[in-house]
**Q** 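Before I ask anything, let me first share the structure, which is written out below as structure tokens.
Convention: sequence-line order gives letters A, B, ...; per-chain numbering from 1.
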Protein chains: 2
Amino acid sequence: MLRPEHYTDLADMFRLMGDPTRLRILYTCIDAPTCVGDIARGLGLSAPLVSHHLRLLRGARIVRAERRGKRVYYTADDEHIRAVLADMGRHVREAGAGLKVA
Amino acid sequence: MLRPEHYTDLADMFRLMGDPTRLRILYTCIDAPTCVGDIARGLGLSAPLVSHHLRLLRGARIVRAERRGKRVYYTADDEHIRAVLADMGRHVREAGAGLKVA
DNA sequence: CAAAGCATTAAACAGTTATTTATATGTGTT
DNA sequence: AACACATATAAATAACTGTTTAATGCTTTG
């Protein structure tokens with residue numbers, strides 16, 4: 001099974017990826033390090049909002065930050081994160097559309 | 001990239017797995033089909049609560065239901081779900097404890 | 001067919017969380 | 001050193017969601 005304290009950590013991971021805005025932010029910087037401003041512009045979001053979400057993602061080690069001059073570049077922390085997204089993507093595609101969530 | 005409508009589906013998946021109670025329920029029936037009552041007893045939860053969460057998980061095709069007599073047995077829908085949990089588990093273990101989420 | 005067992009549904013409450021707006025911190029430039 | 005740029009933080013609001021309680025729906029058994 002799984003150690004109890006890991007449940008909350010795991011759940012936190014999933015919960016953080018479970019917000020549409022955060023997920024779009026994550027996808028924007030999944031392949032190449034991208035700075036806050038570019039993410040914000042690319043998605044049509046305010047910089048504070050993007051920064052805030054990135055802080056949460058960073059706190060869970062889902063993304064990693066690196067400062068270059070004035071800008072801070074974010075990218076996915078490790079391959080497991082990419083693997084998770086890939087597998088979940090496959091699931092959604094195979095399970096097909098028409099998910100009733102509500 | 002990813003088709004826009006998939007973002008919400010993907011986010012829904014993660015969001016659903018992002019609740020500690022739901023995640024524990026999912027883990028309980030991940031390997032072998034388990035009925036609502038057994039899940040509830042095993043986790044010390046009420047049957048209505050477990051049933052409610054299973055309905056949400058089922059709506060997203062995260063679990064699959066099968067009726068056998070009076071009981072309804074639930075289990076993980078496909079291998080992708082198990083793969084996602086395995087990868088995320090590895091990430092949490094490697095990233096180590098001390099995640100600052102708040 | 002009535003009763004009991006198991007699961008589901010519905011509605012109300014309580015707690016949490018994403019977003020906005022305003023302010024502050026850091027970094028490089030003139 | 002002052003300015004401009006990029007990011008980060010804080011507080012307030014508004015929307016959402018998990019849990020509880022009570023009632024309803026299916027299946028088999030007596």
Side-chain angles (χ1 to χ4, degrees), chain A residues 7-29 32-75 99-102, chain B residues 7-29 33-60 62-75 99-102:
Chain A
Y7 279 111
T8 57
D9 286 348
L10 257 182
D12 281 336
M13 292 286 174
F14 287 126
R15 181 175 52 78
L16 287 169
M17 291 195 186
D19 179 73
T21 303
R22 269 195 299 266
L23 195 59
R24 284 165 68 210
I25 291 173
L26 179 55
Y27 261 101
T28 304
C29 63
T34 312
C35 70
V36 178
D38 285 352
I39 296 174
R41 264 182 296 280
L43 298 176
L45 302 172
S46 73
L49 181 57
V50 171
S51 183
H52 176 238
H53 281 307
L54 283 170
R55 193 170 81 93
L56 295 177
L57 291 172
R58 193 190 181 194
R61 310 268 168 80
I62 292 172
V63 298
R64 189 160 19 98
E66 177 196 359
R67 182 175 272 275
R68 297 183 198 166
K70 304 186 216 180
R71 299 178 228 264
V72 177
Y73 287 78
Y74 286 87
T75 191
L99 306 176
K100 299 176 190 172
V101 174
Chain B
Y7 280 110
T8 57
D9 286 347
L10 256 182
D12 281 336
M13 293 285 175
F14 287 125
R15 181 175 53 77
L16 287 169
M17 291 196 186
D19 178 74
T21 303
R22 271 196 296 266
L23 195 59
R24 284 166 67 211
I25 291 173
L26 179 55
Y27 261 100
T28 304
C29 64
T34 312
C35 70
V36 177
D38 285 351
I39 296 174
R41 263 181 297 279
L43 297 176
L45 302 172
S46 72
L49 181 58
V50 172
S51 183
H52 176 238
H53 283 308
L54 284 169
R55 194 170 83 92
L56 295 176
L57 291 172
R58 193 191 181 191
I62 293 172
V63 299
R64 190 158 19 98
E66 177 196 357
R67 182 176 272 276
R68 297 183 198 167
K70 304 184 214 180
R71 297 177 229 260
V72 177
Y73 287 79
Y74 286 87
T75 191
L99 305 177
K100 300 176 191 173
V101 174

**Q** Using a strict heavy-atom distance below 4.0 Å, which residues from residues 40-54 of chain A are in contact with DNA chain C?
**A**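 Contacts with DNA chain C under 4.0 Å: Pro48(A), Leu49(A), His52(A), His53(A).
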**Q** Quickly work out the Lys70(A) NZ to dT27(C) P distance and round it to whole Å.
**A**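 The distance from NZ of Lys70(A) to P of dT27(C) comes to 12 Å, rounded to the nearest Å.
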**Q** Can you see which heavy atom on Leu16(B) is nearest to which on Arg22(B), and at what distance?
**A**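 Nearest pair, atom of Leu16(B) first, then Arg22(B): O-NE, 2.6 Å.
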**Q** Name the orientation class of the two ring planes belonging to Tyr27(A) and Tyr7(B) (parallel below 30°, tilted from 30 to 60°, perpendicular beyond 60°).
**A**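 Tyr27(A) and Tyr7(B): perpendicular rings.
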**Q** Excluding sequence neighbours, so at least two apart, what forms salt bridge (charged side-chain N to carboxylate O under 4.0 Å, His left out) with Arg67(A)?
**A**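 Arg67(A): no salt bridge (charged side-chain N to carboxylate O under 4.0 Å, His left out) contacts found.
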**Q** Please report the interatomic distance CD1(Ile25(A)) to CE(Met17(A)), rounded to the nearest 0.5 Å.
**A**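 Ile25(A) CD1 to Met17(A) CE: 13.0 Å, rounded to 0.5 Å.
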**Q** Between Glu66(B) and Arg64(B), does at least one N-O distance fall below 4.0 Å, as a salt bridge requires?
**A**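 Looking at Glu66(B) and Arg64(B), the cut-off is not met.
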**Q** Any base atoms under 4.0 Å from Tyr73(B), or only sugar-phosphate, or nothing? Heavy atoms, all strands.
**A**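 Answer is nothing: Tyr73(B) stays at 4.0 Å or more from every strand.
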**Q** Expressed as a whole number of angstroms, how long is the span from Leu56(B):CG to dT8(C):C1'?
**A**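 Taking CG of Leu56(B) and C1' of dT8(C), I get 12 Å after rounding.
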**Q** Look up atom CG in Leu23(B) and atom CG in Leu10(A), then write down how far apart they are to the nearest 0.5 Å.
**A**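 If we round to the nearest 0.5 Å, Leu23(B):CG and Leu10(A):CG are 5.5 Å apart.
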**Q** Tell me: CG of Leu16(A) to P of dT16(C), nearest whole Å?
**A**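 In whole Å, dT16(C) P and Leu16(A) CG are 16 Å from each other.
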**Q** How long is the line joining CD1 of Ile25(B) and C1' of dT8(C), in whole Å?
**A**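 Going from CD1 in Ile25(B) over to C1' in dT8(C) covers 14 Å.
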**Q** Any idea which of dA18(C), dT19(C), dG26(C) is nearest the Arg67(A) side chain?
**A**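 It is dG26(C).
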**Q** Would you please confirm or rule out a distance under 4.0 Å between OP1 or OP2 of dT9(C) and any side-chain N or O of Arg55(B)?
**A**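 For Arg55(B), the contact criterion (side-chain N or O under 4.0 Å from OP1 or OP2 of dT9(C)) is met.
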**Q** How do Arg68(A) and Asp19(A) order along DNA chain C: which one's closest nucleotide is nearer the 5' end?
**A**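 It is Asp19(A) whose nearest nucleotide is closer to the 5' end.
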**Q** With a 4.5 Å cut-off on side-chain heavy atoms, are Leu49(B) and Ser46(B) touching?
**A**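 Counting from C-beta outward, Ser46(B) and Leu49(B) do come under 4.5 Å.
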**Q** Which atom pair, heavy atoms only, marks the closest approach of Ile39(B) to Cys29(B)?
**A**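 In terms of heavy atoms, the two residues are closest at CD1-CB, 4.2 Å.
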**Q** How many angstroms lie between atom NE2 of His52(B) and atom OG1 of Thr21(B), to the nearest 0.5 angstrom?
**A**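 So the gap between those two atoms works out to 11.5 Å.
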**Q** What is the first contacted nucleotide of DNA chain D and what is the last, in 5' to 3' order, if contact means an atom lying under 4.0 angstrom from a heavy atom of chain B?
**A**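 Terminal contacting nucleotides, 5' to 3': dT17(D) to dT28(D).
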